[in-house]
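Residues take their numbers from the sequence shown, with the count starting at 1.
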Amino acid sequence: MTHDWKGIDMKHQDPTPATDVDVIIAGAGPTGLMLAAELRLAGVRPLVLERQPRRRDTPKAGGLGGQILELLRYRGLLERFEAACTDPIPAPRFPFGGVHLDFTQLADPPMHALPLPQQLLERLLDERAGELGVDLRRGHEVVGVSQDDAAVRVDVRGPDRPYQVIARYLVGCDGARSRVRDRARIGFPGTTYPEVNRLAQVTLPDTVTVLGNGDLDVPGYGTIRAGFTRTDRGLFGVGSSPDSKVVSLYTIEDESTEYDDDVPMTVAELQDSVHRVLGARVPVGEAIRLSRFTFKARQAERYRHGRILLAGDAAHLFPATGVAINAGMLDAVNLAWKLAADLHGWAPSGLLDTYHAERHLAGARTMLHTRAQVALRRGHDAAAEALREVFQELLADEQPLRRMGALIAGSDIRYPMPGSGHHALAGTFAPDLTLHTDQGKTGVAELMHTARPILLDLADRPDLRETARDWRHRVEIHTAKTDHRPADALLIRPDAHIAWAATIDEPAGTAAPTLREALSGWFGTP
């Protein structure tokens, strides 16, 4: 598909508006930047409009966690992100509604995190988008949206003058107060919890001692134990270690105050909150990170309305930390290749609608465990304490601990596949098998760097390769051997989810027709 692009020089902020662009992305947070990069890998040139004139320094999320780390590895980006971390990668131990999930005793923990503050994450994603040639306009705010069967018209307030952009699609990645969602009149039902959370990483003065078990010895108060302390006025948490001068402090209080996200929290505000909850003044030194957030449980009724789509916080808000960026960036990866298929003209009927079906399901799954955290976190009576104690006791066993880890990581998602009788792997994230080919040793993750669909023949099945030949301009065909192959062949989508698999030694009479059906269903007419 060819478009007449009006050149946009992002470095010089040329005010000449683009006309006839493929995709407009509203918002240059992690979700919008990830979507832009994925679209470029798929051969689409998006235009990103961001209302803020520059990247914000206000601390927000403190890192990445869960399945998005695997996806970044499959794109060949994880080492780059790890190298940018300013802190050591923490032990796999995570808060969950006032208790802890401790994976440190497992050889292969189901949940990992990367200490990458959101400001740094956005810088890395911005650099990646720039390397791929993404057009990004900062200081350009979406103020109006309309659509018909052929296009979306977006009214933009630029730094010099207003203008209009016409696109095939618009994706709202513009956060909790999404103007795109509002203009599309997509419902956003849910709950706002009357609590304010404050999180800080600070140094401590010499008057405060970090004990060997992580407890704090505070002058005039005594010992504050590591972990969570619950009082009648809220929850106080502390995380520290004797070999580090930086500690994490955390408070939760019930408040009805509305805070502006653009107004940063101060050390004084943190100390006042600690005093209200704990009844003690805890001295602090230098503030490394200060952030404040409220919790909402909301999910858009639909992620697509005609040519307008939603992703990230515009589509869902979860009442727990550590999951929003993971979910939003995975939304972007799921959506990008489907939008590209439509724009390139080969998308099968209904492909774009699977974005809502799959990611709304994933969002609902994330909502399930984050709402469960609310129930664990907000109870203050003896019954709530008993619930937390029983829950923690259950997690002493490996199987439920692994199940909870996969749940919070988002790695337990199995997308629904059309039809029936699917292989157990269909709909799941493709495992990173070690592959032996004529060209040498590789792996599934390395094959996914270019975000292309792949037919992976693991059993030297010329019948299956011949079936896929008609799609070879869209689907890469690879033959390899692997130890303990899980299937004779795998059809892997660009988002690294398995669209089809052949069972071990499955006859050509059943494997070839179902492969052809899957190829047509996901990658169009040959």
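Under the 30°/60° scheme for interplanar angles, the aromatic rings of F318 and H316 are found to lie parallel. Classification of the W346-F523 ring pair by plane angle, with boundaries at 30° and 60°, yields tilted.
Here the rule is salt bridge (Lys or Arg N to Asp or Glu O under 4.0 Å) with E358, and of R493, R365, R414 only R493 fits it. With L39 as the partner, the side-chain contact (heavy atoms from CB on, under 4.5 Å) test is satisfied by one option alone out of I25, D22, L335: I25. Partner of R485 under the salt bridge (Lys or Arg N to Asp or Glu O under 4.0 Å) criterion, chosen from D460, D457, D505: D505.
Within 6.0 Å of the CD atom in E131, the count of heavy atoms belonging to other residues, nucleotides or ligands exceeds 12. R80 CZ: more than 12 foreign heavy atoms inside a 6.0 Å radius. Remark: Q52 CD is packed, more than 12 non-hydrogen atoms of other residues, nucleotides or ligands lying under 6.0 Å away.
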Show me the donor-acceptor pairs within less than 3.5 Å that the side chains of residues 424-432 make with the rest of the protein, sequence neighbours left out.
unit_1 : atom_1 : unit_2 : atom_2 : d
T428   : OG1    : L425   : O      : 2.6
D432   : OD1    : V444   : N      : 3.1
D432   : OD1    : A445   : N      : 2.9
D432   : OD2    : R73    : NH1    : 2.7
D432   : OD2    : R73    : NH2    : 3.4

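Pairing each heavy atom of P115 with each of P90, the nearest pair is CD-CD, 3.7 Å. Residues G312 and D331 share a closest heavy-atom pair of N-OD2, 3.1 Å. Smallest separation of non-hydrogen atoms from R465 and L455: CA-CD2, 4.5 Å.
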- [ ] Assess whether side chain to side chain donor-acceptor pair (under 3.5 Å) is satisfied between Y169 and D342, documenting all intermediate values.
- [x] CA-CA 10 Å; Y169 289 100; D342 184 272; 2.9 Å; yes
Open item on the list: Using side chain to side chain donor-acceptor pair (under 3.5 Å), reason through Y415 and R359 one step at a time and then give a plain yes or no.
Closed with: CA-CA 9 Å; Y415 293 143; R359 292 311 297 168; 2.9 Å; yes
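Salt bridge status for R402 with D108: present, with a side-chain N to carboxylate O gap under 4.0 Å. We find that R138 and E50 are not joined by a salt bridge, their nearest charged nitrogen and carboxylate oxygen being 4.0 Å or further apart.
One distance of note links CH2 of W471 with CH2 of W522; it measures 15.0 Å at 0.5 Å rounding.
S178 contributes no side-chain N or O that, together with a main-chain N or O of D174, makes up a donor-acceptor pair within less than 3.5 Å.
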